[in-house]
Amino acid sequence: MRTYALLFILFASVLGGCHSRPADDRASDATDAEQAQDTAFNFHPDQYAVVHDSIVAVLRDMGFRIAREDYRFGIITTFPKEAPTAAEFWIDDPTTARQHQSDTLNAQRRSVRVYVEPAQQGQPSYSLRVEVLIERLQLPARYLTHSATGQLSSEYAGVPMHLSDRGIDGLYPQPLDRDPYLEARISQAIRDQALAQVDPLR
């Protein structure tokens, strides 16, 4: 699948790029990320149950599977979701051209963690915060395992026995970065879902 996606990217690049970015999106990614990173918003305690249900509904609608749903402590996490390639254009988890390229050329995945916490002391309200972590799947480093007829060999380099014995799989996730764009979109979707069921958040 990723081979076909790579060919798709190369073909699209000849035609002018795999993803046309709007003018304001061509600014530095650092600036864009900084603008998109404010995902927190406050709501009244009376709306806690509605916001909690909205979080679960939004994450499921976006294709994430809930791993932990802790109503009492206000933490909701998801299982990692495999990142789509450029050929899977109907899945809109990536936002920028750079994210589309990185997701296509690498085995990556995203997981979401939503925190519902008391707001600043003295204020009768709660604050919602969204974090999206991007992980890249890696293979264990290749090790030379033995020597034969004077030549070094690495035929057992797939998963060396001493790594397998320690529970290290063929692929392991390496935290790569946060996704501020998806964080902002999830936060806005939760707010919209909650507002559809209650009066404007106070």
Side-chain angles (χ1 to χ4, degrees), residues 1-13 17-21 25-39 55 58-69 75-115 129-145 154-189:
M1 171 61 91
R2 291 190 182 273
T3 301
Y4 290 110
L6 179 58
L7 293 175
F8 173 82
I9 287 179
L10 293 176
F11 176 74
S13 298
C18 67
H19 182 75
S20 297
R21 304 178 70 182
D25 194 29
R26 287 194 290 267
S28 69
D29 283 347
T31 302
D32 291 344
E34 184 178 348
Q35 293 175 349
Q37 197 156 6
D38 185 14
T39 66
I55 295 170
V58 166
L59 293 177
R60 287 176 174 165
D61 287 345
M62 290 185 168
F64 289 95
R65 293 189 303 119
I66 305 298
R68 177 187 177 189
E69 184 180 345
I75 300 176
I76 298 176
T77 62
T78 71
F79 290 105
K81 177 186 175 185
E82 183 178 355
T85 65
E88 299 170 291
F89 53 87
W90 58 90
I91 303 177
D92 62 352
D93 293 351
T95 305
T96 67
R98 181 173 297 181
Q99 286 185 328
H100 279 283
Q101 182 183 48
S102 181
D103 285 347
T104 300
L105 300 179
N106 302 281
Q108 296 185 168
R109 61 189 193 178
R110 288 172 173 81
S111 57
V112 183
R113 182 180 292 262
V114 182
Y115 299 91
R129 179 166 52 89
V130 179
E131 291 183 0
V132 177
L133 175 65
I134 302 176
E135 296 177 317
R136 180 174 295 172
L137 298 180
Q138 304 282 0
L139 283 171
R142 293 180 175 271
Y143 290 95
L144 298 175
T145 57
S154 59
E155 62 179 296
Y156 303 118
V159 180
M161 185 174 297
H162 68 283
L163 294 179
S164 180
D165 290 343
R166 288 188 289 164
I168 298 178
D169 297 327
L171 288 172
Y172 67 94
Q174 179 183 29
L176 188 64
D177 203 354
R178 293 259 302 274
D179 186 341
Y181 307 99
L182 188 54
E183 289 174 358
R185 286 159 49 201
I186 291 175
S187 179
Q188 186 61 50

TODO: Determine, stepwise, if the pair Arg109 / Glu135 fulfils salt bridge (Lys or Arg N to Asp or Glu O under 4.0 Å).
DONE: CA-CA 5 Å; Arg109 61 189 193 178; Glu135 296 177 317; 2.8 Å; yes
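- Pairing each heavy atom of Arg185 with each of Pro94, the nearest pair is NH1-O, 4.1 Å.
- Shortest non-hydrogen contact noted between Thr96 and Tyr181 is CG2-CZ, 3.7 Å.
- Here CZ of Arg68 is found 7.0 Å from CZ of Arg113. Values are rounded to the nearest 0.5 Å.
- Here the closest heavy-atom approach between residue Thr104 and residue Ala86 is recorded as OG1-N, 2.7 Å.
- Of all non-hydrogen atoms in Pro80 and Ser111, the two that sit nearest each other are CA-CB, 4.0 Å.
- Here the CD-CG distance, from Gln101 to Asn106, works out to 9.0 Å after rounding to the nearest 0.5 Å.
- With rounding to the nearest 0.5 Å, the separation of CG in Asp179 from CG in Leu133 is 10.0 Å.
- Taken from CE in Met62 to CG in Asp92, the straight-line distance is 7.0 Å, to the nearest 0.5 Å.
- Residues Leu182 and Gln99 have side chains not in contact (no heavy-atom distance under 4.5 Å, counting atoms from C-beta outward).
- Although no hydrogens or angles enter the test, the distance criterion places no donor-acceptor pair under 3.5 Å between the side chain of Ser102 and the main chain of Arg98.
- The distance from atom CD1 of Ile134 to atom CG of Leu176, rounded to the nearest 0.5 Å, is 6.0 Å.
- Side-chain atoms of Glu183 come within 3.5 Å of backbone atoms of Val132 as a donor-acceptor pair (strictly under, hydrogens ignored).
- Of the options Ile55, Leu59, Val58, a side-chain contact (heavy atoms from CB on, under 4.5 Å) to Val112 is made by Leu59 and by none of the others.
- The heavy-atom pair separating Phe79 from Phe64 by the smallest distance is O-CD2, 4.2 Å.
- Rounding to the nearest 0.5 Å gives a distance of 9.0 Å between CZ of Arg110 and NZ of Lys81.
- Put simply, the side chain of Ser187 never gets that close to the backbone of Val130: no donor and acceptor are under 3.5 Å apart.
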